[in-house]
Number of protein chains: 2
Amino acid sequence: MLSKASEYAIRALVYIAIKNRDAMRPGYREISREIEAPEQFTAKILQTCVRKKLLLSVRGRGGGFFFDPESKPLSLIEIINAIEGMTLFTRCGIGLSRCSDTAPCPIHKEYAVIRDRYQQLTTNTTIDDLADKIISGEGVLNRITME
Amino acid sequence: MLSKASEYAIRALVYIAIKNRDAMRPGYREISREIEAPEQFTAKILQTCVRKKLLLSVRGRGGGFFFDPESKPLSLIEIINAIEGMTLFTRCGIGLSRCSDTAPCPIHKEYAVIRDRYQQLTTNTTIDDLADKIISGEGVLNRITME
DNA sequence: TTTTTTAAAGACTTTTTTGTCTTTTTATAT
DNA sequence: ATATAAAAAGACAAAAAAGTCTTTAAAAAA
């Protein structure tokens with residue numbers, strides 16, 4: 001399960017991507033309101049994303065958050081990695097420190113299949129993919145339906 | 001990802017199941033040592049399992065933890081549920097409070113597949129299954145190889 | 001140049017999870 | 001009966017995660 005910080009990050013970045021398509025750069029107040037996340041905590045998380053170069057920001061009047069249109073599509077796993085690291089995808093299913101293919105815990109194989117599929121999903125899914133779904137109406141992001 | 005408490009619980013109960021097969025009732029000192037978990041924290045977790053009827057215990061000399069041989073096989077999900085609840089299996093992949101099949105978040109379907117598979121795995125896997133694997137040498141539980 | 005609006009930064013607080021310590025209760029052995 | 005060995009119970013502490021508050025920096029508009 002993702003940390004709340006990762007969840008907020010993904011929702012925030014999807015919101016930003018959607019707004020960017022209309023040439024708008026939302027600020028953290030608007031973002032947090034629309035994705036229903038705590039305002040200052042959202043600001044913190046976005047700061048982290050900017051520091052880790054997932055996102056750009058400008059300060060001052062008319063400022064806000066936006067993606068570099070040149071940069072390659074951003075996958076969910078990059079966001080997760082920036083916010084909480086990769087332990088989710090490497091940790092043993094029952095917490096053994098020395099669990100591995102050669103010395104597997106008793107659910108190693110079965111758990112690894114699921115964990116790897118989750119890793120594939122987050123690797124292959126991009127923020128733009130999610131933004132597309134919101135815009136086409138295939139998915140929702142709480143208050144925004146984006147009509 | 002499971003909480004540490006759930007991980008310790010599963011490892012502890014597997015250890016107990018293995019020892020029970022040799023008619024032994026380990027205490028929390030032995031258990032925590034063998035599964036490499038904090039002693040008092042392990043005791044707390046085992047207390048919870050006993051309170052929730054997943055496990056039996058006797059106090060005093062020669063006491064320790066053991067399973068009712070009459071009771072039906074204990075699945076991992078029952079342990080997880082007792083220790084941390086079911087949110088892992090119900091929560092939206094990106095934390096939307098109102099995510100559902102009718103109002104899905106943009107990764108709802110794909111995430112649900114993985115989450116449901118994990119639920120199936122923990123539902124269909126029992127403590128005895130894991131104990132079998134340890135005993136047959138197919139899996140390890142840290143320090144115990146159980147020769 | 002001053003005001004306004006915005007993000008950045010950092011200290012701080014709260015809550016949850018993880019973990020420890022001490023005392024009490026219960027069972028057994030001597 | 002008394003000592004001993006175990007779990008139960010509950011208060012406490014530490015660490016991590018989540019969240020808030022205040023000040024600073026930067027950009028644009030007035």
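Residue numbering restarts at 1 for every chain, and letters A, B, ... go by the order of the sequence lines.
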J.: Of all the nucleotides listed (D:dA7, C:dT5, C:dT20), which has the minimum atom distance to the side chain of B:R59?
T.: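 Nucleotide nearest to B:R59's side chain: D:dA7.
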
J.: Rounding to an integer number of Å, can you tell me how far B:L88 CG sits from C:dT16 P?
T.: 18 Å

J.: Rounded to whole angstroms, how far apart are CZ on A:F66 and C1' on C:dT6?
T.: 13 Å

J.: From the list D:dA11, C:dT6, C:dG10, which nucleotide is the closest neighbour of the side chain of B:K44?
T.: D:dA11

J.: Would you mind classifying the nucleic acid contact of B:G62 as base, sugar-phosphate or nothing, using non-hydrogen atoms under 4.0 angstrom?
T.: nothing

J.: Centroid separation under 6.0 Å, is that true for the rings of B:F65 and B:Y28?
T.: no

J.: If the cut-off is 4.0 Å, is A:Y8 near the phosphate of D:dA18, judged by side-chain N/O to OP1 or OP2?
T.: no

J.: Let's see if you can work this out: which of D:dA18, D:dA5, D:dA28 has an atom nearest to the side-chain heavy atoms of A:F41?
T.: D:dA18

J.: Given C:dT6, is OP1 or OP2 found less than 4.0 Å from the side-chain N or O atoms of A:S57?
T.: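 No, no such contact exists.
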
J.: Would you check if there is a donor-acceptor pair between the side chains of A:Q120 and A:T123 at a distance under 3.5 Å?
T.: no

J.: Stepwise, does the side chain to side chain contact (heavy atoms under 4.5 Å, CB included) test hold for A:I127 with A:I79?
T.: CA-CA 9 Å; A:I127 288 293; A:I79 301 163; 3.5 Å; yes

J.: Check for me whether the distance between the ring centres of A:Y118 and B:Y111 falls short of 6.0 Å.
T.: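 Yes - the distance between ring centres of A:Y118 and B:Y111 falls below the 6.0 Å cut-off.
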
J.: Reading DNA chain C from 5' onward, which residue's closest nucleotide shows up sooner: B:Q40 or A:G60?
T.: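 Of the two residues, A:G60 wins.
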
J.: Rounded to the Å, how far apart are B:E39 CD and C:dT18 P?
T.: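 Rounded to whole Å, this separation is 19 Å.
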
J.: Side chain of B:Q47: nearest nucleotide among D:dG19, D:dA8, C:dC21?
T.: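 Of all the options, the side chain of B:Q47 is nearest to D:dA8.
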
J.: If you check the B:V50 side chain, which of C:dT18, D:dA8, C:dT5 turns out closest?
T.: D:dA8

